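Written out below as structure tokens is the structure these notes cover.
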Amino acid sequence: MMLHLNEQDQAAILKLFDELDALTREPFLAAKAEFDEKLAAHCGIAVADLRPWHYHDPFFQESPAVFGTDLDAIYKSADILKLCREFYTGINLPIDDVLERSDLFEKSGKSPHAFCTDIDREGDVRVLANVVRTERWMDTMLHELGHAVYSSKNIPQSVPYVLRGASHILTTEGLAMQMGRLSKSGAWQQHMGIAPTDPAERQKLDAAGAKVLRNQLLIFSRWCQVMLRFEKGLYENPDQDLNALWWSLVEKYQGMKRPEGRNAPDYASKIHIVAAPVYYHNYMMGELFASQVHHTVARELYNGADPRTVTYVKNPKVGEFLKVKVIAPGQTLSWNALTKFATGSELTPQAFAEDFKAK
């Protein structure tokens, strides 16, 4: 029912994730072997003895902190809101009015999270955040303001009120992810004037940022396989041994070993299973959308330049492209029709694979 309400076909979604599995399996296992070696050495155990609790995040959704990379260093003296203003103004998607209406810094009793909300579908868009000078919050603010520009702020009033929103959760997440990725890009940092002046240091940070992003997205893609396929199995046969189903999928797609002798509903500690059913796959499809749109921008606005070098900085044509091809249709186009309208083809994992050399 959730797939139906989200205008998604189960067979098509599974086919998409099968293709993604094939493209990411070997690169993921290669990256994981590097994590495993460092984690095992740090814990003083053999690689074969690693278990989920050794991975820093027991769900293995994110990259373990094993490389000693300090991506925060470059943002310790940066004005994150100023960078956001300059960046979005430079691509002709200004967000000054959004920031003026928003609640952006820490205070007692405030929600520690971040989100963007469209108050009235008439252009009153706001962000709640808790900005500090770290790479995470640079990513977060670029991300949330990506949601802000993909809203009634830029969807024309000619679009009927009930359709004046993002085409789909995956398309607004995709645009936000597309922007958030820039925080780790050495080229973006250089174009924004905050990169280290020393060439060797700049190159080191650029390589580290690219590796962190690549590992993060490869790991996340495998985790999303578990969530999608577990929920499929859960609803097909809720009376089966769900603990065994969960760990068999974790072993198959994430390469982690189940704890011996444990028989507990670990899957139930993931809040989405209960509170947001059959939703998680949209995050991954958003990442695919982000890559596909980014490659289209590189091809059409940068004469086919290597997408990894394209940062959008001070290019108003990028904002115009996004307004016309992604934002303006609102919900008048379904998510796959919008993807085809914007990029020339329906959603595939190919651009994502090329971005992260997952071949």
Side-chain angles (χ1 to χ4, degrees), residues 7-8 12-13 15-17 19-20 23-24 87-88 90-93 139 142-143 145-151 154-156 159 165-185 187-188 191 210 213-214 217-218 220-221 282-359:
E7 301 178 305
Q8 293 173 333
I13 298 300
K15 181 175 182 292
L16 183 73
F17 273 74
E19 293 171 359
L20 180 64
L23 289 165
T24 56
F87 172 69
Y88 278 101
I91 62 172
N92 199 27
L93 291 172
D139 178 335
L142 288 170
H143 179 109
L145 291 167
H147 284 304
V149 299
Y150 192 174
S151 67
N154 288 303
I155 298 172
V159 174
S167 171
H168 194 277
I169 184 64
L170 76 87
T171 62
T172 183
E173 285 296 342
L175 181 59
M177 292 164 172
Q178 186 178 344
M179 298 306 181
R181 290 178 186 178
L182 295 170
S183 67
K184 297 177 179 65
S185 165
W188 186 82
H191 292 161
L213 182 61
R214 178 181 185 272
L217 289 168
L218 282 172
F220 187 68
S221 77
N282 288 301
Y283 293 133
M284 191 62 236
M285 292 171 73
E287 296 286 9
L288 303 186
F289 183 82
S291 290
Q292 196 160 321
V293 171
H294 180 65
H295 277 240
T296 303
V297 169
R299 182 178 67 248
E300 297 190 7
L301 302 185
Y302 290 87
N303 300 314
D306 183 343
R308 288 169 293 184
T309 69
V310 172
T311 64
Y312 314 151
V313 175
K314 295 181 180 178
N315 187 347
K317 292 182 179 179
V318 172
E320 288 304 312
F321 174 89
L322 293 174
K323 278 183 186 177
V324 172
K325 291 290 191 176
V326 176
I327 299 169
Q331 294 174 2
T332 64
L333 293 176
S334 68
W335 63 270
N336 228 348
L338 179 75
T339 306
K340 188 171 184 178
F341 176 69
T343 70
S345 67
E346 294 186 343
L347 192 66
T348 81
Q350 294 300 322
F352 180 88
E354 291 173 22
D355 271 347
F356 305 105
K357 298 182 180 178
K359 296 179 180 178

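Just so we're clear, the structure is a prediction, and the values are computed from it rather than from any experiment. Hydrogens, waters and symmetry mates play no part in the numbers below; they use all other heavy atoms, side chains included.
No side-chain heavy atom of Phe289 sits under 4.5 Å from any side-chain heavy atom of Asn282. Between Tyr302 and Val318, some side-chain heavy-atom pair lies under the 4.5 Å cut-off. Contact check for Met284 versus Phe352: side-chain heavy atoms found under the 4.5 Å cut-off. Between Tyr283 and Leu170, every side-chain heavy-atom pair lies at or beyond the 4.5 Å cut-off. Contact annotation: the side chain of Leu288 never approaches that of Gln292 to less than 4.5 Å [non-hydrogen atoms, C-beta and beyond]. The side-chain heavy atoms of Thr172 and Ile169, taken from C-beta on, include a pair separated by under 4.5 Å. Between Ile155 and Gln331 the shortest side-chain heavy-atom distance does not fall below 4.5 Å. Counting only heavy atoms from C-beta outward, the side chains of Trp335 and Met285 approach each other to under 4.5 Å.
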Practice problem: Mind running side-chain contact (heavy atoms from CB on, under 4.5 Å) on Ile327 and Phe321 for me, showing each step along the way? | Solution: CA-CA 9 Å; Ile327 299 169; Phe321 174 89; over 6 Å; no
Practice problem: Evaluate side-chain contact (heavy atoms from CB on, under 4.5 Å) for Ser221 paired with Leu20, printing each intermediate quantity in order. | Solution: CA-CA 8 Å; Ser221 77; Leu20 180 64; 4.3 Å; yes
Practice problem: For the pair Asn92 and Glu320, evaluate side-chain hydrogen bond (donor to acceptor under 3.5 Å, both in side chains) and give the outcome as yes or no after the intermediate values. | Solution: CA-CA 7 Å; Asn92 199 27; Glu320 288 304 312; 2.5 Å; yes
Quiz item: Going through the distances and angles, do Lys340 and Ser345 end up as a side-chain contact (heavy atoms from CB on, under 4.5 Å)?
Solution: CA-CA 4 Å; Lys340 188 171 184 178; Ser345 67; 5.6 Å; no
Quiz item: What do the steps show when you test Met179 against Ile91 for side-chain contact (heavy atoms from CB on, under 4.5 Å), and what is the final call?
Solution: CA-CA 12 Å; Met179 298 306 181; Ile91 62 172; 4.0 Å; yes
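Screening Lys317, His294, His191 for a side chain to side chain donor-acceptor pair (under 3.5 Å) with Tyr312, the sole residue that qualifies is His294.
A distance of 12.0 Å separates CG in Leu175 from OG in Ser167, rounded to the nearest 0.5 Å. Interatomic distance, Asn154 CG to Leu322 CG, rounded to the nearest 0.5 Å: 10.0 Å. Taken to the nearest 0.5 Å, the CD atom of Glu19 stands 7.5 Å off from the CG atom of Leu23. Atom-to-atom distance recorded for His147:NE2 and Leu145:CG is 10.0 Å, nearest 0.5 angstrom. The OG atom of Ser185 sits 12.0 Å away from the CZ atom of Arg181 when rounded to the nearest 0.5 Å. For the atom pair OG1 (Thr171) and CG (Leu333), the distance works out to 10.0 Å, reported to the nearest 0.5 Å.
Summarising the geometry of Val313 relative to Trp188, their closest heavy-atom pair is CG2-CD1, 3.5 Å, with the distance given to 0.1 Å. For the pair Val310 and Ala305, the tightest heavy-atom approach, listed with the atom from each and the gap, is CG2-CB, 4.2 Å. Shown here for Leu338 and Pro329, the closest heavy-atom pair between the two residues is CD1-CG, 3.8 Å. Across every non-hydrogen atom of Ala328 and Pro156, the tightest pair is O-CD, 3.5 Å. Gly174 and Ala290 make their closest contact through O-CB, 3.2 Å (heavy atoms, listed as atom of the first residue, atom of the second, distance). Taking every heavy atom of both residues into account, Leu142 and Ser183 meet most closely at CD1-N, 4.0 Å.
Salt-bridge annotation for Arg308 and Asp355: absent, with no side-chain N of the basic residue lying under 4.0 Å from a carboxylate O of the acidic one.
In summary, the side chains of Asn336 and Gln8 do not present any donor paired with an acceptor at a separation below 3.5 Å, with no hydrogens or angles considered.
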